[in-house]
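A quick note: this is a predicted structure, and the numbers were derived from the prediction, not measured. Whatever order the structure lists ligands and atoms in, that order sets their numbers, starting from 1.
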Amino acid sequence: MPEMTFASAAPDEIPISLTINGQLHRLDVTPWTSLLDLLRETLHLTGTKKGCDHGQCGACTVLVDGTRINSCLALAVMKDGAEITTIEGLGTPDNLHPLQAAFVEHDAFQCGYCTPGQICSAVGMMSEGHASTRAEIRELMSGNLCRCGAYTNIVDAIEDVMQDGRPAVREAAE
Ligand code: FES
Ligand code: FES
């Protein structure tokens, strides 16, 4: 009888490259490392938050090639070659992104834990171009939960930025 062999228990790390906030990173990652854990644990970009780690809260939202995704649900190896933007890449304390400035102006956070995800998601939502009413903003931002319940102010902030850069948002009942 032929001798039985077993596959190695620990697959090798896989080399990938990612452009994160404009900077190229060459990294060796295990196949099971999520993009969220890579950002937070390896690269120490802790602006991106881990809430549920199951795709249900939106706290981990980042932009991948301009599209918003839940980084807890994405394996880092699947994003090889992608351009990632996190909250750290959107603005700086001295030069806030318009949405960051609007969130401050509209008091659109309390604890702030959901805020990086809300802002990255709003950037993605605006580039999708499907929201033109408050109700549509709410609907298209519904994947981003806020345990502090700052929803009204969050929508105010997003609407404010949209009105600056796009045709006026239609009035609609919430
Ligand atoms: S941590 Fe990713 S959706 Fe909650
Ligand atoms: S501001 Fe606290 S969870 Fe949204």
Side-chain angles (χ1 to χ4, degrees), residues 14 16 18-21 25 27 29-93 96-128 130-131 133-162 169 174:
I14 296 171
I16 63 170
L18 296 172
T19 302
I20 302 174
N21 300 331
H25 294 262
L27 302 149
V29 298
T30 54
W32 55 84
T33 301
S34 70
L35 179 59
L36 174 60
D37 284 344
L38 183 73
L39 292 170
R40 288 184 54 84
E41 308 301 332
T42 304
L43 299 172
H44 308 297
L45 290 169
T46 53
T48 305
K49 303 303 184 201
K50 181 181 282 190
C52 64
D53 209 20
H54 284 87
Q56 294 172 349
C57 74
C60 64
T61 304
V62 298
L63 298 160
V64 176
D65 296 328
T67 300
R68 53 182 174 160
I69 67 159
N70 290 332
S71 60
C72 69
L73 293 184
L75 293 173
V77 292
M78 295 171 63
K79 302 303 174 191
D80 186 19
E83 292 204 14
I84 316 286
T85 304
T86 70
I87 192 71
E88 290 91 343
L90 283 181
T92 64
L96 294 178
H97 184 280
L99 274 165
Q100 291 173 315
F103 269 59
V104 172
E105 189 182 331
H106 288 275
D107 223 2
F109 49 84
Q110 291 179 37
C111 77
Y113 199 81
C114 72
T115 309
Q118 299 278 2
I119 291 175
C120 285
S121 188
V123 171
M125 183 203 68
M126 287 173 62
S127 69
E128 290 158 16
H130 300 312
T133 66
R134 286 183 67 86
E136 286 166 353
I137 294 170
R138 277 185 177 270
E139 172 65 23
L140 293 170
M141 290 294 296
S142 63
N144 289 80
L145 305 184
C146 175
R147 295 186 74 133
C148 298
Y151 295 111
T152 299
N153 296 21
I154 290 169
V155 175
D156 287 347
I158 296 170
E159 191 179 33
D160 199 5
V161 174
M162 286 175 64
V169 173
E174 286 186 43

>> Ile158 vs Leu99, test: side-chain contact (heavy atoms from CB on, under 4.5 Å). Steps then yes/no.
In response: CA-CA 7 Å; Ile158 296 170; Leu99 274 165; 4.1 Å; yes

> What's within reach of atom 4 (Fe) of ligand 1, meaning protein N/O/S atoms under 2.8 Å?
Replying inline: Cys52 SG, Cys57 SG

> So Gln56 and Leu145, side-chain contact (heavy atoms from CB on, under 4.5 Å) or not? Walk me through it.
Replying inline: CA-CA 8 Å; Gln56 294 172 349; Leu145 305 184; 5.7 Å; no

> So how far is it from Ile84 CD1 to Leu63 CG, rounded to the nearest 0.5 Å?
Replying inline: 9.0 Å

> Out of curiosity, Glu159 CD to Thr133 OG1, how far, rounded to the nearest 0.5 Å?
Replying inline: 9.0 Å

> If you measure from CD on Gln118 to CZ on Phe109, what distance do you get to the nearest 0.5 Å?
Replying inline: 12.0 Å

>> Using the salt bridge (charged side-chain N to carboxylate O under 4.0 Å, His left out) criterion, which residues pair with Asp65? Sequence neighbours excluded.
In response: none

> Do any pairs count as a side-chain hydrogen bond (donor to acceptor under 3.5 Å, both in side chains) and have a residue in residues 107-116, sequence neighbours left out, and if so which ones?
Replying inline: none

>> Restricting to distances shorter than 2.8 Å, give the number of protein N, O or S atoms close to atom 4 (Fe) of ligand 2.
In response: 2

> How many angstroms lie between atom CD1 of Ile69 and atom SG of Cys120, to the nearest 0.5 angstrom?
Replying inline: 11.0 Å

> Can you check whether Cys60's main-chain N or O pairs, donor with acceptor, with Ser71's side chain at less than 3.5 Å?
Replying inline: yes

